[in-house]
Structures are given as C-alpha cells and as structure tokens.
Amino acid sequence: MTFVVTENCIKCKYTDCVEVCPVDCFYEGANMLVIHPDECIDCGVCVPECPAEAIVADNEPAATDFWLGINRRYADAWPNIASRKAPLPSADLQNGRADKICELSTCPGVTEEAV
Ligand code: SF4
Ligand code: F3S
C-alpha cells in the first residue's frame, strides 16, 4: 500500500505534506508533487495536512491506475523535496478547479516560469 498525490495538487503545490512526512518520500515537479510508492510507509499523516485534499490511499477510488502511474514515474524522475516552501502563487485560485490534468508539467523542479 502507498499514498498517492492526485489531480488537485496541480498548480497548488502547497507543500504542507512535505513538512510532516517522516521518511521524506515526496518528489517535486514544476507544478505538482508525487509520492514514491516504494518509500511511503503508509502512515497517513500527510492526508489531513493537504489544503487541496489531494492525497489519497491507494485503495480509494480516486487513486486510479493513472495516478498511481504518475506518482511512480515521476518519483523516479523529479528531485526530492524535504522541507516546506511557499505554495504556487495561484494556489488558492486553482484549488478545486476541474480538469487540471492537461496542465500537469512533467518538468522537474521549482521554477514558477515552468508552471
Ligand atoms: Fe509520507 Fe506518511 Fe504521507 Fe506516505 S503516508 S507520503 S510516509 S506522510
Ligand atoms: Fe500538493 Fe497538497 Fe502537498 S497540494 S504539495 S499534496 S499539501
């Protein structure tokens, strides 16, 4: 079992989740984070910390094969993030907006220009 970051993280990236993860298993793309499924210890403490309610357990309906695949693929491609930072500037406007998947950036890292 693992926990999975899903669509509503896109363009929000609040990073409150990072602050509480005991094993630092979050990885950072330009406009979303993912969880490394082999490193997550299933503690669940990140779930209530996310203002976007974007983190789910892999046995929940929102943890589709698509999102499991995104987390696995980009956890291997993006850099680790181990401490909280400012959310993306548009985070509160983007929180809850539908159909953000087409705006997922596959670029690694941190620059607002890449969002
Ligand atoms: Fe980290 Fe626990 Fe969240 Fe897994 S469930 S990502 S170990 S805080
Ligand atoms: Fe994303 Fe929520 Fe973490 S928006 S960066 S999963 S706190």
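Values reported hereafter were calculated over all heavy atoms of this structure, with side chains retained and with hydrogens, waters and symmetry mates removed. Each ligand, and each atom within it, is numbered from 1 in the order the structure gives.
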- Where ligand 1 meets V45 - atom numbers and elements under 4.0 angstrom, heavy-atom basis: 8 (S)
- Have a look at ligand 1 and work out which part of P22, if any, has a heavy atom under 4.0 Å from it: side chain, backbone, both or neither. side chain
- Taking the side chain from T6 and the backbone from A54, do they hold a donor-acceptor pair closer than 3.5 Å? yes
- Item | Numbered atoms and elements of ligand 2 in range of D16, under 4.0 angstrom, heavy atoms | 7 (S)
- Message: Take a 6.0 Å sphere around CG of N59 and say whether it holds more than 12 heavy atoms from other residues, nucleotides or ligands.
- Response: yes
- Note on the structure: A student checking ligand 2 against L33 at a 4.0 Å heavy-atom cut-off should list atoms 5 (S)
- Donor-acceptor under 3.5 Å (N8 side chain, G96 main chain): yes
- Item | ligand 1 atoms in contact with F26 (distance to a heavy atom under 4.0 Å) | 6 (S)
- Task: Give a yes or no answer on whether the side chain of K11 reaches the backbone of Q94 with a donor-acceptor pair at less than 3.5 Å.
- Result: no
- Query: Tell me: protein heavy atom nearest atom 3 (Fe) of ligand 2, and distance?
  - Reply: C17 SG, 2.3 Å
- Rounded distance [0.5 Å steps], SG in C9 versus CD1 in I55: 7.5 Å
- Message: With a cut-off of 2.8 Å, does C50 put an N/O/S atom close enough to atom 2 (Fe) of ligand 2?
- Response: yes
- Are the side chain of N80 and the backbone of C25 linked by a donor-acceptor contact shorter than 3.5 Å? no
- For I55, take its heavy atoms, then give the atoms of ligand 2 lying under 4.0 Å from any of them. 6 (S)
- Item | Min heavy-atom dist E49 to ligand 2 below 4.0 Å | no
- Donor-acceptor contact below 3.5 Å, side chain T64 vs main chain W67: yes
- Record the part of I41 in heavy-atom contact with ligand 1 below 4.0 Å; permitted values are side chain, backbone, both and neither. both
- Message: Taking I101's backbone N and O only, do any of them form a donor-acceptor pair with E7's side chain (distance below 3.5 Å, no angle check)?
- Response: yes
- Would you say R73 has more than 12 foreign heavy atoms packed within less than 6.0 Å of its CZ? no
- N, O or S atom of C21 closer to atom 4 (Fe) of ligand 1 than 2.8 Å: no
- Task: Can you pull out the closest protein heavy atom to atom 4 (Fe) of ligand 1? Residue, atom name and distance to 0.1 Å, please.
- Result: C40 SG, 2.3 Å
- ligand 2 versus V18, non-hydrogen atoms closer than 4.0 Å: side chain, backbone, both, neither? neither
- Item | E53, CD: over 12 other non-hydrogen atoms inside 6.0 angstrom | no
- Query: Is the backbone N or O of D16 less than 3.5 Å from a side-chain atom of E49, with the two atoms forming a donor-acceptor pair by type?
  - Reply: no
- Task: Examine distances only and state if a side-chain atom of E39 and a backbone atom of H36 form a donor-acceptor pair shorter than 3.5 Å.
- Result: no
- What's the shortest distance from atom 5 (S) of ligand 1 to any protein heavy atom, and which residue and atom give it? G44 N, 3.2 Å
- Item | Heavy-atom nearest neighbour in the protein, as seen from atom 5 (S) of ligand 2, with distance rounded to 0.1 Å | T15 N, 3.2 Å
- Which residue and heavy atom of the protein sit nearest atom 1 (Fe) of ligand 2, plus the separation: C9 SG, 2.4 Å
- Hey, which atoms in ligand 2 end up nearer than 4.0 Å to a heavy atom of K13? 4 (S), 5 (S)
- Query: Which of the atoms in ligand 1, numbered in the order shown and given with their element, are less than 4.0 Å from a heavy-atom of V23?
  - Reply: 7 (S)
- K85 side chain to T15 main-chain N or O, any donor-acceptor pair under 3.5 Å? no
- Item | Protein heavy-atom partner closest to atom 6 (S) of ligand 1 - residue, atom, separation in Å | C25 SG, 3.5 Å
- Task: Please lay out, stage by stage, how F3 and D58 fare under the test side chain to side chain contact (heavy atoms under 4.5 Å, CB included).
- Result: CA-CA 6 Å; F3 282 70; D58 68 359; over 6 Å; no
- Query: Nearest protein heavy atom to atom 3 (Fe) of ligand 1, by residue and atom, and its distance?
  - Reply: C46 SG, 2.3 Å
- Item | Residue C43, metal atom 2 (Fe) of ligand 1, N/O/S under 2.8 Å | yes
- Numbered in order shown, the ligand 2 atoms found under 4.0 Å of a heavy atom of Y14 are 4 (S), 5 (S), 7 (S)
- Message: Between ligand 1 and V20, can you find any atom pair, the residue atom being a heavy atom, that is separated by under 4.0 Å?
- Response: no
- Task: Just jot down the ligand 1 atoms closer than 4.0 angstrom to any heavy atom of I35, in number order.
- Result: 6 (S)
